[in-house]
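Quick note: residue numbers are just sequence positions, from 1. Everything numeric here is computed off the predicted structure, so don't read it as measured data. These values consider heavy atoms only, across backbone and side chains, with no hydrogens, waters or symmetry-generated copies.
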Amino acid sequence: MFNQVVSARYAGEVGPMAGDVLMHQGSQSCFAYDAEDHTIGERLANLDIHLTAPMWGRGRSICTDQAFDWETAQLAGYEELQTGLEKLGLNQERRALRLLPQNLSVVQEADDQLLLSFDLSVGSFATSVLREICQVENAQRGEF
């Protein structure tokens with residue numbers, strides 16, 4: 001569901017909206033979007049802060065207003081999965097939409113082989129980074 005919200009956000013190029021929750025780079029510290037704060041756009045561009053999306057679990061989303069309505073619409077049809085995650089005891093959290101690998105290193109080991117090394121913040125997945133920087137052909141279907 002997190003990926004669904006992220007994909008919809010980027011596909012629609014949806015910027016900050018009323019009720020959004022922003023996260024400081026390198027931490028799990030969140031704060032509410034303030035349309036009157038004219039530094040937000042610059043801070044987003046400088047990767048100092050990030051828009052967030054829900055990691056589903058028990059409890060109500062901390063986003064409100066337009067952002068809450070937008071996220072709810074993106075997750076329509078996932079009610080059964082949401083209920084299942086809540087019953088498993090997971091608590092709802094927020095994660096940044098952007099993932100910034102640190103200490104990135106690329107070494108060419110052979111003509112057709114690269115060795116990538118990087119650090120990620122807690123709760124991030126290397127597979128997400130690799131998906132964005134690599135195109136993998138599905139040999140069975142001939143698709144990318």
Side-chain angles (χ1 to χ4, degrees), residues 1-75 77-78 81-82 84-144:
M1 289 181 289
F2 173 83
N3 290 344
Q4 175 66 28
V5 172
V6 172
S7 294
R9 195 95 189 217
Y10 283 115
E13 298 182 21
V14 179
M17 61 182 92
D20 249 328
V21 177
L22 302 168
M23 183 176 284
H24 293 281
Q25 168 59 26
S27 80
Q28 296 294 312
S29 177
C30 294
F31 63 99
Y33 170 63
D34 177 3
E36 299 298 318
D37 183 346
H38 300 291
T39 67
I40 295 291
E42 181 179 341
R43 293 178 68 196
L44 284 165
N46 289 334
L47 307 176
D48 179 43
I49 58 174
H50 310 283
L51 295 168
T52 64
M55 295 291 288
W56 203 264
R58 293 181 300 191
R60 182 163 166 80
S61 175
I62 61 173
C63 71
T64 60
D65 302 324
Q66 180 185 4
F68 178 81
D69 294 341
W70 185 86
E71 282 185 5
T72 300
Q74 304 315 304
L75 297 176
Y78 289 94
L81 182 56
Q82 292 168 349
L85 291 171
E86 291 167 12
K87 285 182 180 179
L88 287 172
L90 298 174
N91 292 318
Q92 191 161 145
E93 299 177 7
R94 305 293 294 184
R95 291 282 192 266
L97 296 185
R98 298 185 288 196
L99 176 57
L100 303 176
Q102 301 296 312
N103 303 315
L104 178 63
S105 169
V106 180
V107 176
Q108 186 163 2
E109 301 238 317
D111 288 342
D112 61 348
Q113 187 176 27
L114 297 174
L115 174 65
L116 298 170
S117 174
F118 50 86
D119 297 327
L120 297 174
S121 58
V122 173
S124 303
F125 296 96
T127 53
S128 297
V129 174
L130 295 175
R131 180 188 66 226
E132 296 301 320
I133 60 175
C134 297
Q135 288 187 355
V136 179
E137 183 174 347
N138 181 329
Q140 293 179 341
R141 292 184 258 184
E143 299 174 354
F144 287 94

**Asked** Yes or no on side chain to side chain contact (heavy atoms under 4.5 Å, CB included) for R95 and Q28, after CA distance, side-chain angles and deciding distance?
**Response** CA-CA 8 Å; R95 291 282 192 266; Q28 296 294 312; 3.3 Å; yes
- For L97 and T52, run side chain to side chain contact (heavy atoms under 4.5 Å, CB included): C-alpha distance rounded to whole Å, both residues' side-chain angles, the deciding distance at 0.1 Å, then the answer. CA-CA 5 Å; L97 296 185; T52 64; 5.7 Å; no
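The shortest side-chain heavy-atom distance between L116 and V129 does not fall under the 4.5 Å cut-off. Here the side chains of L22 and L51 are in contact, with some heavy-atom distance below 4.5 Å. Two residues are said to be in side-chain contact when any heavy atoms from C-beta on lie closer than 4.5 Å; S121 and Q25 fail this criterion. Counting heavy atoms from C-beta on, the side chains of W56 and Q92 come closer than 4.5 Å. Considering only heavy atoms from C-beta on, E71 comes within 4.5 Å of V5 through its side chain. The shortest side-chain heavy-atom distance between L75 and P54 falls under the 4.5 Å cut-off. Side-chain contact between S117 and N103: absent, with no pair of heavy atoms (C-beta onward) separated by less than 4.5 Å.
The structure places CZ of F118 at 8.0 Å from CG of L99, a figure rounded to the nearest 0.5 Å. With values rounded to the nearest 0.5 angstrom, Q102 atom CD is found 7.5 Å from D119 atom CG. The line from CD of E86 to CG of L81 is 10.0 Å long, rounded to the nearest 0.5 Å. In this structure, S61 OG and R94 CZ are separated by 4.5 Å, a value rounded to the nearest 0.5 Å. For the atom pair CD (Q4) and OH (Y78), the distance works out to 4.0 Å, reported to the nearest 0.5 Å.
Side chain of R9 to backbone of G15: a donor-acceptor contact under 3.5 angstrom is found. Panel note: side chain E93, backbone M55; no donor-acceptor pair is recorded below 3.5 Å. Put simply, the side chain of R98 gets close to the backbone of L44: a donor and an acceptor are under 3.5 Å apart.
Not counting sequence neighbours, the partners of S27 by the side chain to side chain contact (heavy atoms under 4.5 Å, CB included) test are H24, S29.
Nearest heavy-atom pair, A96 versus F2, reported as atom, atom and distance to 0.1 Å: O-CZ, 3.5 Å. Closest of all the heavy-atom pairs between D65 and A18 is CB-O, 3.7 Å. Among all heavy-atom pairs drawn from C30 and M23, the shortest one is SG-CE, 3.5 Å.
Heavy-atom neighbours of Q108 CD from other residues, nucleotides or ligands within 6.0 Å: above the threshold of 12.
Here the options are I49, D37, D20, V21, the test is side chain to side chain contact (heavy atoms under 4.5 Å, CB included), and the partner is F31; only I49 passes.
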